[in-house]
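Since this is a predicted model, take the numbers as computed values, not measurements. No hydrogens, no waters, no symmetry mates; every other heavy atom, side chains included, goes into these values. Read the numbers this way: they start at 1 and go in the same order the structure lists the ligands and their atoms.
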Amino acid sequence: MSTSTNGTKIQPNEEQKERVTSKISEVRNRIEKASKDAKRNSPPRLVAISKLHPPSSILAAHKNDTIEDQIHFGENYAQELEAKAKVLPTSIRWHFVGKLQSNKAKLVANIPNLYLIETVDSIKLANAIEKIRSNLKEVDPLGVYLQVNTSGEENKGGLAPLLNEKDVEGSELFNLAKHIIEECKALRLAGLMTIGSATNSKANREQQEVEMKDQTAEEIAAQARSQNPDFDTLYTSRKVLVNALRTSLDQSKVGDRYSKLVQATEQNSDHSGAWGGLELSMGMSNDLEVAVRAGSNNVRVGTDCFGVRPASRDEAMEGMKDELEG
Ligand SMILES: *Cc1c(COP(=O)(O)O)cnc(C)c1O
């Protein structure tokens, strides 16, 4: 039993404990193996995407007797995250991974144990979050990722990618990154995020194994990027963005806050590192291994951590109503 900030008692049942811990353990093994296959120095962070699953399932993963506690969880609806954060322990590190309207920013940005907002896509939204966070006392700058629409699909959120240096002039992605770094002292630009096309992702389910193990780490990463164009595009966007920012930031506004970015070398020698201090958030249930090999620093896995989600939002919220009311 765990007591949260407001004293609610949430108790996972045996089925939940068994299902969630065995699934997460399997996902961790896949990440471990793919990292080793890719000769990476360190594995990416696993964010268990808990949307539409009840607080009791989240708690079963966060505090249990069988596996190491899962710390990072992600949600894609502002109200759902706000409600869950209230009834769950503050030792959880929350990621917001959904579309965020500026007028809903305060529901998310006021959560004390919020770790990252992964889907910042406009100066308006960045300013809204900045305003809320700058009023909180004694909190570190909030990490944000910028969402990139790597697949160009109209139904996907995010800004246009940067494919080469000619794209930088007038680029919303570049302008937003520069704005956050120079003007938003309560935020920390921490990386780029993509969802990518479902077709590319599904194809990757069959590509969990490395084809030629005797390749170098760089060759394995390049091969993985060729197996998923969305990952290649996100990787390239970071490279172009870091190079453009390095030479154009106003040092008087930046100070020593972004030393890794300012000092980034032309070559990204460690493909698994957060080059220039900027991480890549890519990889979900279907394309997890390919994403790890391609150099992801933050994988977001829902279905393979918790099982299939309820068919509708209404059904899901109805099912967890009692737990959210406490
Ligand atoms: C739901 C969701 C995921 C997880 O997807 P699965 O295929 O269930 O692993 C990852 N990222 C985002 C932004 C999501 O909304």
Problem set entry | Identity and separation of the nearest protein heavy atom to atom 8 (O) of ligand 1 | Thr303 OG1, 2.5 Å

For this session: Select the closest option to atom 4 (C) of ligand 1 among Gly307, Ala198, Gly302, judged by heavy-atom distance.
Result: Gly302

Problem set entry | Side-chain donor or acceptor of Arg188 paired with backbone N/O of Ala190 under 3.5 Å | no

Exercise. Is it the case that one hydrophobic cluster holds both Ile49 and Leu234, taking links as side-chain heavy atoms less than 4.5 Å apart, direct or via other members?
Worked result: no

For this session: Measure the distance from atom 1 (C) of ligand 1 to every protein heavy atom, then report the residue, atom name and distance (to 0.1 Å) of the closest one.
Result: Lys51 NZ, 1.4 Å

Exercise. Val301 heavy atoms, cut-off 4.0 Å: which ligand 1 atoms fall inside?
Worked result: 9 (O)

Exercise. Looking only at heavy atoms, is any part of Ile195 under 4.0 Å from ligand 1, and if so is it the side chain, the backbone, or both, or is it neither?
Worked result: side chain

Exercise. Is NZ or CZ of Arg225 both nearer than 6.0 Å to the six-membered ring centre of Tyr235 and within 45° of the ring axis?
Worked result: yes

For this session: Output yes when the distance from some N or O of ligand 1 to some N or O of Val97 is under 3.5 Å, and no in every other case.
Result: no

For this session: Would you mind checking which non-hydrogen protein atom is closest to atom 10 (C) of ligand 1, with the distance to 0.1 Å?
Result: Met284 SD, 3.2 Å

For this session: Give the residue and atom name of whichever protein heavy atom lies nearest to atom 9 (O) of ligand 1, and the separation in Å to one decimal.
Result: Ser285 OG, 2.6 Å

Problem set entry | is_close_aromatic(His95, Phe73), centroid dist under 6.0 Å | no

For this session: Work out whether the distance between some heavy atom of Arg309 and some atom of ligand 1 is less than 4.0 Å.
Result: yes

Exercise. If you group Ile, Leu, Val, Met, Phe, Trp and Tyr by side-chain heavy-atom gaps below 4.5 Å, do Leu187 and Ile123 land in one group?
Worked result: yes

For this session: Examine Ile132 and Leu107 and state if one hydrophobic cluster contains both, with Ile, Leu, Val, Met, Phe, Trp and Tyr joined whenever side-chain heavy atoms are less than 4.5 Å apart.
Result: no

Exercise. What's the shortest distance from atom 12 (C) of ligand 1 to any protein heavy atom, and which residue and atom give it?
Worked result: Arg300 NE, 3.8 Å

For this session: Taking Arg257 for its side chain and Ile181 for its backbone only, find out whether a donor-acceptor pair lies under 3.5 Å.
Result: yes

